[in-house]
Protein chains: 2
Amino acid sequence: MERGKLSRERVLDAALALVDEIGVKGLTMRRLGAEIGVEAMTLYYYVPNKEALLDGLVERVLSRAVAEPPAPGTPWRSMLREAAVGYRRELLRHPGVLPLVAGRPVSGPEALQVLEAGVAVLREAGFGLREAFHAITATITFVVGHTLAEVPPPGQDEPALDTTGFPLIAHAVAEGLGAPEDHQSRFDYALDALLDGFAARLRA
Amino acid sequence: MERGKLSRERVLDAALALVDEIGVKGLTMRRLGAEIGVEAMTLYYYVPNKEALLDGLVERVLSRAVAEPPAPGTPWRSMLREAAVGYRRELLRHPGVLPLVAGRPVSGPEALQVLEAGVAVLREAGFGLREAFHAITATITFVVGHTLAEVPPPGQDEPALDTTGFPLIAHAVAEGLGAPEDHQSRFDYALDALLDGFAARLRA
DNA sequence: AGTTCTTTCTTACGGCGTAAGAAACGGATG
DNA sequence: CATCCGTTTCTTACGCCGTAAGAAAGAACT
């Protein structure tokens, strides 16, 4: 590789592309180096170790989930909805990093800023402090859980399930359960249910 | 190791204990063998490969989540609630396997049987076929997502977060956000919200 | 030119999953 | 008793992995 063309950015770019293609399990320093055209050890000039590289991938994906911290006065419901939709959008854009997102607590300053602003919006809307945190956290964890079930991590396919003896399941599968638009509709169904539940708690 | 004392059961037992203690990342065939008092390759007499061993762990943990398939006539709401609570109970009992559960689609016959019975209960209660599946899947994925955020995988601790500049977060942390009973209350809050949302959709 | 700083590569170590087959053991059979 | 045989365990070895240590190559400045 010619000198000076590399940077942490380019390393993360290549790593993200590689993870999306072959999954986290297939990402090795040697393979990533080969993809970029460089020896494995060269990567350590830009990244202290592999763990930090994975952290960088998570941060990069999540940073695009929410455009910017919600402004005060935003309606709480659309705020939560948009956060959930954006989160899911980015996770689906990079399914390979999903296992990483699932295993890492979110604690970067950028995320905290969004959280703080979100809590402020909910407080304005009448939520208690505790309830505000619960609502936001529950929304995010719901999205993570849902998306985990939705996409098979790259590099492995879903096993076909044997529905003999289970007429309801067989019928549902025949009607398209598991198809992409089914995931969308399940997401909307459950997200709206969750938000309805928050609304009911707000009234009480 | 004296002969004949080993079995697939005992291997899985030891693996589960080891995973709970040091996490999935620390589980290696050599280490597991040492724990049992046997060479690594001996394990391959009871398990075709490591992946299958991990599958076995997941199956073992999840099989205890729901005592038995719900009987027809069970109230739908308490059925979903108990399934969620049981699922979370088992996941918390073995936090080490959480990353495995998160990454594996549930498709064993035992799980399908519970699912079939659950859908039947919801259909009786008036849910459409599609909505019944959505409600069950959403409940489970919610539990997985929630529990992922709740427990740090063994072998790593939560990083302390810097709350300077975020007064709401700082205040909430000071009031015990993140403490065990907070997780419980958030779980109850969000689960009931979700179930309320299902109920509202059932009425409509 | 020589010197210094930045960037890349070479080599090597210990640990991983596991393929292949040898070795030990226990019970049945003569 | 000796022999055989199926079951269970161990030995050895291969090709991967992350990465420590430091040599080498290139660019920039004096």
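Labels below follow one simple rule: chain letters A, B, ... track the order of the sequence lines, proteins then strands, and each chain is numbered from 1.
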Worksheet item: Side chain of Met29(A): nearest nucleotide among dT18(C), dT19(D), dT7(C)?
Response: dT19(D)
Practice prompt. Answer yes when Glu59(B) and Arg104(B) have at least one side-chain N-carboxylate O distance shorter than 4.0 Å, and no when they do not.
Written response: no
Response to the item:
Of the candidates dT8(D), dC17(D), dT8(C), the side chain of Tyr46(A) sits closest to dT8(C)
Discussion item. Please determine whether a side-chain nitrogen or oxygen atom of Tyr45(B) lies at a distance below 4.0 Å from atom OP1 or OP2 of dT8(D).
Written reply: yes
Worksheet item: Between Val24(B), Leu32(B), Asp13(B), which is the residue that forms a side chain to side chain contact (heavy atoms under 4.5 Å, CB included) with Leu18(B)?
Response: Leu32(B)
Response to the item:
Atom NZ of Lys25(B) and atom C1' of dC16(C) are separated, to the nearest Å, by 13 Å
Discussion item. Working note: Asp192(A) + Arg77(A), criterion side chain to side chain contact (heavy atoms under 4.5 Å, CB included); need CA distance, chi angles, decisive distance, verdict.
Written reply: CA-CA 10 Å; Asp192(A) 285 328; Arg77(A) 187 164 176 137; 3.8 Å; yes
Item to complete: Look at the side chain of Lys50(B) and decide which nucleotide, out of dG17(C), dG18(D), dT8(C), has an atom nearest to it.
Response: dG17(C)
Worksheet entry | Selection from dT8(C), dC10(D), dC9(C) that lies nearest to any side-chain heavy atom of Glu39(A) | dC9(C)
Discussion item. Side chain of Met41(B) only, heavy atoms from C-beta on: which candidate in dC16(C), dA19(C), dT10(C) is closest?
Written reply: dA19(C)
Worksheet item: Side chain of Asn49(B): nearest nucleotide among dT18(C), dC9(C), dG18(D)?
Response: dT18(C)
Discussion item. Would you say Thr42(B) places a side-chain N or O within less than 4.0 Å of OP1 or OP2 belonging to dT8(D)?
Written reply: no
Practice prompt. Output all residues satisfying salt bridge (Lys or Arg N to Asp or Glu O under 4.0 Å) with Glu90(A), sequence neighbours left out; order by chain, then residue number.
Written response: Arg93(A)
Worksheet entry | Donor-acceptor pair present, Arg30(B) side chain and dG15(C) base, under 3.5 Å | no
Worksheet entry | Candidates dC16(C), dG18(D), dT9(D) - which lies nearest the side chain of Val38(B) | dT9(D)
Item to complete: Would you check if the side chain of Ser7(B) reaches a backbone N or O of Arg10(B) as a donor-acceptor pair within less than 3.5 Å?
Response: yes
Discussion item. Please verify the inter-ring angle class for Phe127(A) with Phe198(A); under 30° counts as parallel, over 60° as perpendicular, anything in between as tilted.
Written reply: perpendicular
Worksheet item: Between the two end axes of the helix from dA1(C)-dT30(D) to dG30(C)-dC1(D), each built from 5 base pairs, what angle do you get to the nearest 10°?
Response: 30°
Response to the item:
Rounded to whole Å, the NZ-P distance (Lys5(A) to dA27(D)) equals 11 Å
Discussion item. Is it the case that the side chain of Thr137(A) and the backbone of His134(A) share a donor-acceptor pair, with hydrogens and angles ignored and the cut-off at 3.5 Å?
Written reply: no
